[in-house]
Amino acid sequence: MAIRKIITTENPILRQKAKKVHHFDASLQKLTDDMFETMHVSNGVGLAAPQIALSIRVFVAEYEDRKVVIFNPEIIKAEGEEIGTEGCLSIPGYVGENIRRAAKITVKGQDVRGKNIRVTAEGWFARIMQHEIDHLDGILFIDRLDSPEDLKEVGEDDEGYLEDDGEIVLAE
Ligand SMILES: [Zn+2]
């Protein structure tokens, strides 16, 4: 396994619509192993391929007793609404508050071998999956803020991030 570099908002790959995966081979097992390892060392709960500069439709997520890898994910059912706080490994030093997500979703897609799968989740795990699926369409949590005041700085490591890169644009 290997740790991949996580890209941040100044990299335009994060804003691209990722391509569907049609060809399933052994390289994908290695890729998803790397994605889990990269996510773990970064203390994340989800990681989408565009975050490691690969514009293809796959994400991994792991939280408590749930662990999934979903290629070509599509939300086929969404119920209810919850608001919550989200961070993103590609937007270090910030969290977004009051972000609306469906409370319960069912996602269909394929596993690492291309077999069709369906995953249902609610609450926090449903939120993680919606956040990761957004990445595959070039959407970041900062696009889902109702108000710029909902973007909060956390920690001291990344002070000055906004001035330095200027790429964070709030959807107002
Ligand atoms: Zn993210």
Side-chain angles (χ1 to χ4, degrees), residues 2-21 31-64 66-75 78 81-103 105 107 109 119 121-155 157-158 161-162 164-172:
I3 294 164
R4 310 280 187 116
K5 183 177 163 18
I6 295 177
I7 61 172
T8 51
T9 47
E10 67 276 6
N11 192 319
I13 292 174
L14 278 181
R15 290 305 197 172
Q16 290 171 7
K17 191 169 163 65
K19 291 197 169 59
K20 262 189 110 167
V21 176
L31 168 67
T32 55
D33 287 348
D34 285 357
M35 288 174 70
F36 274 116
E37 191 179 19
T38 303
M39 184 185 84
H40 290 149
V41 298
S42 312
N43 296 314
V45 290
L47 188 72
Q51 295 182 274
I52 55 165
L54 270 181
S55 197
I56 61 169
R57 302 186 81 79
V58 57
F59 75 88
V60 302
E62 185 171 2
Y63 181 71
E64 292 181 341
R66 303 290 304 269
K67 180 176 178 179
V68 295
V69 175
I70 309 181
F71 285 82
N72 306 321
E74 273 176 66
I75 297 173
E81 186 180 272
E82 280 180 6
I83 64 164
T85 299
E86 297 180 19
C88 181
L89 295 175
S90 294
I91 309 175
Y94 289 87
V95 295
E97 295 180 343
N98 302 312
I99 296 174
R100 270 177 249 277
R101 298 287 187 185
I105 58 168
V107 177
V119 177
E122 48 193 310
W124 183 234
F125 204 72
R127 177 173 296 272
I128 295 167
M129 293 205 295
Q130 289 169 85
H131 176 118
E132 299 313 327
I133 292 168
D134 268 357
H135 272 301
L136 307 182
D137 292 320
I139 298 167
L140 302 172
F141 79 71
I142 48 177
D143 305 329
R144 296 199 177 272
L145 299 176
D146 286 339
S147 149
E149 281 87 59
D150 286 334
L151 185 68
K152 298 281 163 66
E153 205 168 343
V154 289
D157 293 352
D158 298 292
Y161 183 78
L162 266 177
D164 285 342
D165 102 19
E167 284 291 328
I168 290 187
V169 178
L170 297 177
E172 293 183 284

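These numbers come from a predicted model, not from an experiment. Counting convention: from 1, in listed order, for ligands and their atoms alike.
- Under a 3.5 Å cut-off, the side chain of Asp34 and the backbone N or O of Ala2 do form a donor-acceptor pair.
- No side-chain donor-acceptor contact under 3.5 Å links Ser90 to the backbone of Gln51.
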Item to check | side-chain contact (heavy atoms from CB on, under 4.5 Å) between Phe36 and Val69, intermediate numbers included | outcome: CA-CA 9 Å; Phe36 274 116; Val69 175; 3.3 Å; yes
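- Partners of Phe71 by ring pair (Phe, Tyr, Trp, His ring centres under 6.0 Å), not counting sequence neighbours, listed by chain and number: Phe24.
- When the side-chain contact (heavy atoms from CB on, under 4.5 Å) test is applied to Ala78, the partners found at least two apart in sequence or on another chain are Ile75, Ala102, Ile105.
- Excluding waters, the set of protein N/O/S atoms under 2.8 Å from the Zn ion (ligand 1) reads Cys88 SG, His131 NE2, His135 NE2.
- The salt bridge (Lys or Arg N to Asp or Glu O under 4.0 Å) analysis of residues 83-103, with sequence neighbours excluded, yields the pairs Glu81-Arg100, Glu86-Arg101, Glu86-Arg127, Glu97-Lys152, Arg100-Asp146, Arg101-Asp134.
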